[in-house]
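Computed from heavy atoms alone, side chains included, the values below leave out hydrogens, waters and symmetry copies.
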Amino acid sequence: MNTPRLAGAALLCAGLFSLPVHAATLCTLLADAKSGDILLRQGSCEQRYTPASTFKIPLSVMGFDSGFLKSEHQPALPYRDGYVDWGGDNWKQPTDPVRWLKYSVVWYSQQIAQSLGEEKLGRYADAFGYGNADFSGDPGKHNGLERAWIASSLQVSPLEQLAFLRKLVNLELPVSKRAQELTMKIVETSAAADGWQAHGKTGMAYPRKADGEFDEEHPYGWYVGWANKGERSLVFVRLIQDDKKEPGTAGVRSRAAFLEELPALAAAAAPASAQSISR
């Protein structure tokens, strides 16, 4: 590994781009999807955090592999009274897998999680190398199937997210090929400058204070996925944290900043400065 070139690329990127207002980048990772070489590493990327809605990508793989999810548009499940609805009107509609990811519908995730159960979720996550694979939920509340991935027991590092995503895009997860291909089909695509296309998922969650309450001043904002331009294919992870309360969601702002920066980040990510992804 050429550490000076890695550090130089990180400093270059930090200097070239402005972060979202009142947000700090905790980690940015870019890796070559084929070789697994990490081409750019900025920040501290080993610490585990709540995956929030980025967990919908591995959950989709689990759902398709188990048979709960049938296709891009099946099952279409109706909204029912009592389902979580803090996402507004977009969550109060019949929802299929494509719509689930587009609008990040939590109650649809909960239906998949409940169909699998805590033990099977844990086995899948462990096989994927996805964080601590802990679906127990909040201590003493037995709510893992409702929110283990939302500021609760499930924790994953940016490096673990990156390794999982590379296995997915190369169809190397220990599940059916079909489950992986269908998951990649339903992940939302966003256009970036200079001919890049990014396929990814946002996520936002609040950290916990010492007393267990949510710290609404400092949410985490994820954007994870893969990007393509011509023959070049990258996997990426971006994680930010706000230092004050902001309008909108940290995940959406993380995505917007990353898409703006992607062409220059990719240019700065030189293969000669790479190291391999490890689980």
Side-chain angles (χ1 to χ4, degrees), residues 1-3 6 9-10 25-65 101 121-135 148-149 153-177 179-184 186-187 198-203 205 220-228 232-240 251 254-255 258 262 265-266 269-271 273-279:
M1 176 180 67
N2 190 326
T3 303
L6 268 175
T25 295
L26 300 181
C27 174
T28 301
L29 289 166
L30 286 179
D32 183 275
K34 294 179 182 178
S35 69
D37 290 339
I38 295 178
L39 305 177
L40 180 71
R41 177 171 174 169
Q42 178 182 3
S44 178
C45 303
E46 300 88 359
Q47 183 176 336
R48 286 173 170 171
Y49 302 87
T50 174
S53 284
T54 65
F55 176 62
K56 288 182 173 68
I57 298 180
L59 185 58
S60 173
V61 178
M62 299 174 193
F64 281 119
D65 188 64
L101 287 196
L121 285 165
R123 288 201 304 268
Y124 270 124
D126 186 63
F128 294 173
Y130 195 83
N132 64 0
D134 184 349
F135 291 88
W149 58 93
S153 57
L154 183 63
Q155 300 279 303
V156 66
S157 72
L159 282 167
E160 289 167 330
Q161 293 257 38
L162 193 76
F164 162 78
L165 289 162
R166 181 180 175 265
K167 291 175 186 175
L168 172 63
V169 299
N170 287 290
L171 305 177
E172 294 175 352
L173 291 170
V175 295
S176 70
K177 180 180 177 182
Q180 296 170 84
E181 290 175 336
L182 284 170
T183 292
M184 287 189 285
I186 68 172
V187 171
H199 315 269
K201 186 72 192 75
T202 59
Y220 298 118
W222 291 96
Y223 185 49
V224 310
W226 60 97
N228 306 95
R232 196 173 184 198
S233 181
L234 304 173
V235 287
F236 64 83
V237 174
R238 165 62 63 86
L239 176 62
I240 68 170
S254 182
R255 177 179 62 192
F258 181 82
L262 176 57
L265 285 169
S273 62
Q275 67 177 108
S276 293
I277 297 173
S278 59
R279 173 174 170 175

**OP:** Determine whether L30 and I38 make a side-chain contact, defined as any pair of heavy atoms from C-beta on separated by less than 4.5 Å.
**Re:** no
Original post:
Would a 4.5 Å heavy-atom cut-off, applied to side chains only, mark H199 and V169 as touching?
Top reply: no
Subject >> Atom pair CD/CG of Q42 and L40 - distance to nearest 0.5 Å >> reply: 6.5 Å
Original post:
From L239 CG over to S44 OG, what is the distance, rounded to the nearest 0.5 angstrom?
Top reply: 10.0 Å
**OP:** Name the orientation class of the two ring planes belonging to W222 and Y49 (parallel below 30°, tilted from 30 to 60°, perpendicular beyond 60°).
**Re:** perpendicular
Original post:
So, do F258 and L265 sit near enough that their side-chain heavy atoms are less than 4.5 Å apart?
Top reply: yes
Subject >> T54 and Q161: side chain donor to acceptor below 3.5 Å >> reply: yes
**OP:** Compare every heavy atom of S233 with every heavy atom of N228, then report the nearest pair and how far apart it is.
**Re:** ND2-OG, 3.1 Å
Original post:
Which atom pair, heavy atoms only, marks the closest approach of D32 to L234?
Top reply: CA-CD2, 4.2 Å
Subject >> Nearest non-hydrogen partners of R238 and S254, listed with the distance >> reply: CG-OG, 3.1 Å
Original post:
Do the side chains of F236 and L162 get nearer than 4.5 Å, heavy atoms only?
Top reply: no
Original post:
Is a side-chain N or O of D134 found less than 3.5 angstrom from the main chain of Q155, in a donor-acceptor match?
Top reply: no
Original post:
Looking only at atom types and distance, does a side-chain atom of R232 sit under 3.5 Å from a main-chain N or O of A266, one as donor and one as acceptor?
Top reply: yes
**OP:** Please check if the side chain of R166 supplies one atom and the backbone of K34 the other of a donor-acceptor pair under 3.5 Å.
**Re:** yes
Original post:
Can you check whether A33's main-chain N or O pairs, donor with acceptor, with N170's side chain at less than 3.5 Å?
Top reply: yes
Subject >> Validation row: L59, L121 side chains within 4.5 angstrom (heavy atoms) >> reply: yes
**OP:** To the nearest 0.5 angstrom, please state how far the OG atom of S60 sits from the CD1 atom of I186.
**Re:** 3.5 Å
Subject >> Nearest-0.5 Å distance that lies between atom CG in D65 and atom OG1 in T183 >> reply: 9.0 Å
Original post:
At their closest point, which heavy atom of L165 faces which heavy atom of G225, and how far apart are they?
Top reply: CD1-N, 3.6 Å
Original post:
If we only count heavy atoms from C-beta on, is the S53 to T202 side-chain gap below 4.5 Å?
Top reply: no
Original post:
With distance as the sole test, does S35 use its side chain to make a donor-acceptor pair with the main-chain N or O of D37 at under 3.5 Å?
Top reply: yes
**OP:** For residues G200 and V187, report the shortest heavy-atom separation together with the two atoms involved.
**Re:** N-CG1, 3.3 Å
Original post:
Within a strict 4.5 Å, meaning less than it, do heavy atoms of the C45 and V237 side chains meet?
Top reply: no
Original post:
Who are the side chain to side chain donor-acceptor pair (under 3.5 Å) partners of K201, not counting sequence neighbours?
Top reply: S104
Original post:
With a 4.5 Å limit on heavy-atom distance, are the side chains of K167 and Q180 in contact?
Top reply: no
Original post:
Among pairs that include at least one residue of residues 153-172, which meet ring-ring contact (aromatic ring centres under 6.0 Å, His included), considering only residues two or more places apart or in two chains?
Top reply: F128-F164, Y130-F164
Subject >> Ring-ring centroid check F55 F135, cutoff 6.0 Å >> reply: yes
